[in-house]
Amino acid sequence: MTISPNTSPLIRLDNVDLSIDGRDILRGISVRTDVRRVAVLGRNGSGKTTLARIMAGLQKPSGGTARIAGVDVARDRRGALGAVGILFQNSDHQIIFPTVGEELAFGMTQMGLSKRQVQERVAQTLGRFGKGAWLDVAVQHLSQGQRQLICLMAILAMNPKMIILDEPFAGLDIPTAMHLARVLDGAEAALVHITHDPRMIAEYDHVLWIEGGRIEMQGGAAEVAPAFEAAMRGLGARDDFTDLSG
Ligand SMILES: Nc1ncnc2c1ncn2[C@@H]1O[C@H](COP(=O)(O)OP(=O)(O)OP(=O)(O)O)[C@@H](O)[C@H]1O
Ligand SMILES: [Mg+2]
């Protein structure tokens with residue numbers, strides 16, 4: 001992995017800590033990478049979603065800093081919107097407006113684009129997906145997969161440098177998941193893919209394994225994925241539940 005000395009790396013996490021009510025959720029997370037395919041592996045409760053929220057600037061760390069493409073995402077909210085988009089597993093936690101057009105417009109309005117620019121980009125984005133007719137459609141009448149597509153369109157319309165995927169394909173049928181994956185693969189943005197399934201990230205350039213809120217291992221998928229899988233199988237073979245994360 002090479003990082004040019006003159007530019008900020010795409011992801012730069014320096015000693016990120018998060019404590020909530022006196023409990024350590026994340027501890028000493030440091031990552032520097034410029035690769036365009038990053039994976040975060042970890043089992044349930046290890047801290048993946050919390051780390052994703054910190055990288056997107058939605059959660060302020062208790063210590064350390066998170067910079068994405070040079071933007072300190074906790075301090076520069078507007079800059080963070082242009083740097084990072086995040087797609088969650090459950091689109092219901094993401095969508096806040098009644099119509100598709102309003103939902104797509106929101107992020108760009110927050111970024112400071114003019115009303116006219118926002119309207120143009122909303123129309124362009126819907127057109128790109130053949131969904132021009134969705135502009136005034138009520139979000140509540142769409143299916144789960146269709147709502148996930150709206151969240152993805154809202155992110156792509158903002159044109160971020162990086163998109164974080166927090167297990168967004170769980171619950172989608174195979175064609176819908178394949179369709180969204182293809183769109184993401186073709187996007188200009190770098191991808192950070194969060195998952196507990198090492199098979200999803202076999203070709204990733206940089207893999208971060210999180211265990212109990214700390215980095216257990218980071219490196220290429222060829223090295224990290226088999227080590228993670230072996231550890232998970234070892235834990236799964238046990239009969240007691242006392243060692244379950246969290
Ligand atoms: N706001 C919060 N308040 C208290 N505890 C929290 C908060 N957010 C996360 N946690 C705790 O932090 C730990 C990590 O949670 P997180 O959601 O990041 O895990 P995860 O790796 O995404 O798990 P999963 O694979 O189940 O999605 C859990 O024990 C969770 O209960
Ligand atoms: Mg999670």
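Read the numbers this way: they start at 1 and go in the same order the structure lists the ligands and their atoms. What you see below is based on every heavy atom in this structure, not just the backbone, and it leaves out hydrogens, waters and symmetry mates. Here the structure is a predicted model, which is why all the values come from computation and not from measurement.
By the 4.0 Å N-to-carboxylate-O rule, Asp17 lies close enough to Arg27 to be salt-bridged with it. Checked for salt-bridge contact, Glu188 and Lys161 miss the test: no charged N lies under 4.0 Å from a carboxylate O.
Each of the following atoms of ligand 1 lies closer than 4.0 Å to a heavy atom of Ser46: 19 (O), 21 (O).
Residue Thr49 holds the heavy atom nearest to atom 17 (O) of ligand 1 of all those in Ile20, Thr49, Asp21, Thr195. Residue nearest to atom 23 (O) of ligand 1, selected from Ser19, Gly45, Gly42: Gly45 (by heavy-atom distance). Across Thr50, Ile54, Asn44, Leu51, heavy-atom proximity to atom 18 (O) of ligand 1 is greatest for Thr50.
A 4.5 Å side-chain heavy-atom check between Gln110 and Leu81 finds at least one atom pair inside the cut-off. In this structure, the side chains of Arg128 and Leu156 come closer than 4.5 Å at one or more pairs of heavy atoms.
Every heavy atom of Arg53 sits 4.0 Å or more from the atoms of ligand 1. Put simply, no part of Gln89 is less than 4.0 Å from ligand 1, judged by heavy atoms.
Among the atoms of Ile25, none of the N or O lies under 3.5 angstrom from an N or O of ligand 1. Here's the thing with Gly47: one of its N/O atoms is less than 3.5 angstrom from an N/O atom of ligand 1.
Closest non-hydrogen pair, Thr195 versus Lys48, comes out as O-CD, 3.8 Å.
Taking 2.8 Å as the criterion, Thr49 counts as a coordinating residue of the Mg ion (ligand 2), since one of its N, O or S atoms falls below it.
Contact annotation for Arg43 and ligand 1: only backbone heavy atoms (N, CA, C, O) come within less than 4.0 Å of the ligand.
Side chains of Asp14 and Ser30: a donor-acceptor N/O pair is absent below 3.5 angstrom, by distance only.
Leu135 and Phe106 sit in two unconnected hydrophobic clusters of ILVMFWY residues. Membership requires side-chain heavy atoms under 4.5 Å apart, directly or through other members.
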